[in-house]
Enquirer: 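My structure is below; once you've seen it, I'll send some questions.
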Amino acid sequence: MKNDIVLARPTLELKEKALDYRKEHFQHGEEIIYGSELFDKTESYEEWLSSVTLNTKPKTVSLHGLKDGTIILAGGGRSWQMKIKRL
């Protein structure tokens, strides 16, 4: 359905939607995407995706042993990014 909301981990298949989101964010003068695990600072989507994926695993997490994750919220032809942190 067009109004369904889907929560999904970032993937290569969502690359274009994620890049469109970042572009729209920047076009509205927002240079920082809070909670995006440096998506606003990393030029390569593939490099960012690798980092995000590693941060979901306790053995490869990069920040003080905190396990966290990023998901993409998509629905109605749009997508947004959300950050989930677990202590």
Enquirer: Please assess Leu19 against Phe39 for the test side chain to side chain contact (heavy atoms under 4.5 Å, CB included), listing each intermediate value before the final yes or no.
Expert: CA-CA 9 Å; Leu19 293 175; Phe39 185 53; 4.2 Å; yes

Enquirer: If the condition is side chain to side chain donor-acceptor pair (under 3.5 Å), which residues does Glu13 pass it with, not counting sequence neighbours?
Expert: Thr11

Enquirer: Lys15: what forms a side chain to side chain donor-acceptor pair (under 3.5 Å) with it, not counting sequence neighbours?
Expert: Glu46

Enquirer: Report the residues that fulfil side-chain contact (heavy atoms from CB on, under 4.5 Å) with Asp40, sequence neighbours left out, ordered by chain and then residue number.
Expert: Phe26, Ile32, Ile33, Ser36

Enquirer: Quick one: side-chain contact (heavy atoms from CB on, under 4.5 Å) partners of Thr53, sequence neighbours excluded?
Expert: Leu49, Lys57

Enquirer: Identify, with sequence neighbours excluded, every residue that meets side-chain contact (heavy atoms from CB on, under 4.5 Å) alongside Glu30.
Expert: His25

Enquirer: Any chance you could measure Trp48, atom CH2, to Glu37, atom CD, to the nearest 0.5 Å?
Expert: 7.0 Å

Enquirer: Roughly how far, to the nearest 0.5 Å, is the CD atom of Glu31 from the NZ atom of Lys41?
Expert: 8.0 Å

Enquirer: Report yes if some heavy atom in the side chain of Pro10 is under 4.5 Å from a heavy atom in the side chain of Tyr45; otherwise report no.
Expert: yes

